[in-house]
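Let me begin by presenting the structure, written as structure tokens, before commenting on it.
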Number of protein chains: 2
Amino acid sequence: MNLIPNQEAEATRLRRRTVTQLKAELRGARVQLSVLNHVVGTHAELKDVDLDCLDLISSQGPLSPSMLAKRAGLHPATVTGILDRLERGRWIARDRDPSDRRAVLVRILPERNAEMFRLYSGMNSRMDAICEGYDQAQLEVIADFLRRVQAAGSDASEDLTAG
Amino acid sequence: MNLIPNQEAEATRLRRRTVTQLKAELRGARVQLSVLNHVVGTHAELKDVDLDCLDLISSQGPLSPSMLAKRAGLHPATVTGILDRLERGRWIARDRDPSDRRAVLVRILPERNAEMFRLYSGMNSRMDAICEGYDQAQLEVIADFLRRVQAAGSDASEDLTAG
DNA sequence: TTGATTTGGTATGAGATTCATATAATATCG
DNA sequence: CGATATTATATGAATCTCATACCAAATCAA
């Protein structure tokens with residue numbers, strides 16, 4: 001930090017460029033992963049949004065259809081249709097909530113896990129290869145970064161839905 | 001790396017756990033960013049897939065509808081419909097390819113850039129805040145990681161489409 | 001050159017999807 | 001207890017996706 005003003009300005013410029021670049025790469029990664037999602041979904045006879053919901057149920061479930069609708073930014077009636085498809089395909093099950101007889105709890109069925117895993121296996125092994133290039137500390141930095149991105153995305157979505 | 005076998009096994013276990021965790025966080029980030037995308041799309045009266053295509057045109061364009069269909073994993077006729085909507089909304093323009101009179105080149109119109117930027121501004125400032133917690137070297141490591149993820153996603157999609 | 005085949009983009013129409021609204025059942029509040 | 005709110009879903013209109021067909025232009029074959 002003992003730089004003359006010129007060097008300091010240069011460092012600031014470089015940093016700004018790097019941050020901009022990183023955000024661009026994140027957008028790019030999001031699109032490519034969504035494209036992969038779409039291709040996987042096509043093979044599994046699932047819509048993109050079905051897979052998104054399946055991911056949400058998998059990571060945040062079991063949860064109710066109304067909570068899922070909120071988390072996914074979808075209309076409740078749309079979620080009913082999505083859950084119908086996922087249930088018909090034996091991806092999920094709907095149970096009654098024991099504490100509220102109006103409510104429903106959606107949970108993942110492990111039945112077709114292997115099939116889904118197989119569809120993602122190409123990406124999975126590529127990810128393993130990528131990770132081999134990083135040491136333990138770097139992997140943790142990246143994982144933590146991605147965790148923060150999730151929170152940011154969730155918060156930004158909420159703000160936009162509210163406003 | 002001068003560890004007795006027990007320590008080495010422990011380190012391997014830890015590393016495997018970290019890699020698994022990282023992949024889970026990446027999936028989670030993809031979903032949250034897609035949800036944000038959906039919410040943004042709702043405000044801009046665009047379908048999720050329209051925004052995906054807009055991103056692809058923005059980063060890889062100008063390109064032809066058939067190339068876009070290939071990159072996005074969509075049917076050519078579907079892309080025609082998407083481009084119709086994007087054109088009607090003044091997001092893109094279709095030009096004839098001077099070197100092939102059958103072909104069309106799709107390019108971004110900057111007209112509505114500010115509007116889109118405003119919708120993403122909440123996420124953008126959150127990303128800036130996140131990046132402040134990392135030094136230059138870390139930012140570059142993360143950006144490079146995301147670049148590799150894009151390539152992996154693109155390759156995995158291609159394999160799946162071909163097979 | 002001519003004629004056949006391939007390629008690029010889009011129109012058409014059948015089937016599927018989304019969502020505003022309405023509805024039924026249950027919960028909660030006063 | 002009665003009124004209101006909440007949860008999930010049925011219904012139907014508008015819209016979207018994609019297989020197919022089609023036309024124009026490029027490329028290939030002879």
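Naming convention: chains lettered A, B, ... in sequence-line order (proteins, then strands); numbering from 1 in each chain. Predicted, not measured: the structure shown is a model, and the values here were computed from it.
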Salt-bridge contact [X]-[Y] (side-chain N to carboxylate O under 4.0 Å):
X      : Y      : answer
A:R88  : A:D84  : no
A:D97  : A:R101 : no
B:E115 : B:R118 : no

Interatomic distance, [X] [atom1] vs [N] [atom2] [rounded to whole Å]:
X     : N      : atom1 : atom2 : answer
B:D48 : D:dT15 : CG    : P     : 18 Å
B:D50 : D:dT15 : CG    : C1'   : 12 Å
A:K70 : D:dT7  : NZ    : P     : 11 Å
A:L68 : C:dT18 : CG    : P     : 13 Å
A:H75 : D:dT15 : NE2   : C1'   : 16 Å
B:L74 : D:dC16 : CG    : P     : 14 Å
A:E45 : C:dG15 : CD    : P     : 17 Å

Candidate nucleotides [options], ranked by approach to the side chain of [X] - the nearest:
X     : options                : answer
B:K47 : C:dC19, C:dT10, D:dC16 : D:dC16
B:S64 : D:dC18, C:dC19, C:dG9  : C:dG9
B:T80 : D:dA19, C:dC19, C:dG9  : C:dG9

What is the nucleic acid contact for [X], judged by heavy atoms within less than 4.0 Å: base, sugar-phosphate only, or nothing?
X     : result
B:V49 : sugar-phosphate
B:S66 : sugar-phosphate
A:P76 : base

Is the number of heavy atoms from other residues, nucleotides or ligands within 6.0 Å of CE (A:M116) greater than 12?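 Yes, the 6.0 Å shell around CE holds more than 12 heavy atoms from other groups.
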
Can you list, in residue-number order, the parts of residues 82-106 of chain A that come under 4.0 Å of DNA chain C, counting heavy atoms only?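 The stretch gives A:R85, A:D100, A:R101, A:R102 as the residues lying under 4.0 Å from the strand, ordered by number.
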
Does the A:H38 side chain pair with the main chain of B:A72, one donor and one acceptor, at a distance under 3.5 Å?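 Here the side-chain-to-backbone pair does not exist.
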
State whether the side chain of B:D52 and the backbone N or O of B:V49 hold a donor-acceptor pair below 3.5 Å, judged by distance alone.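 Judged by distance alone, no pair lies under 3.5 Å.
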
Which one of B:E25, B:Q32, B:R27 satisfies the side-chain hydrogen bond (donor to acceptor under 3.5 Å, both in side chains) criterion with A:Q150?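 Of the listed residues B:E25, B:Q32, B:R27, the side-chain hydrogen bond (donor to acceptor under 3.5 Å, both in side chains) partner of A:Q150 is B:E25.
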
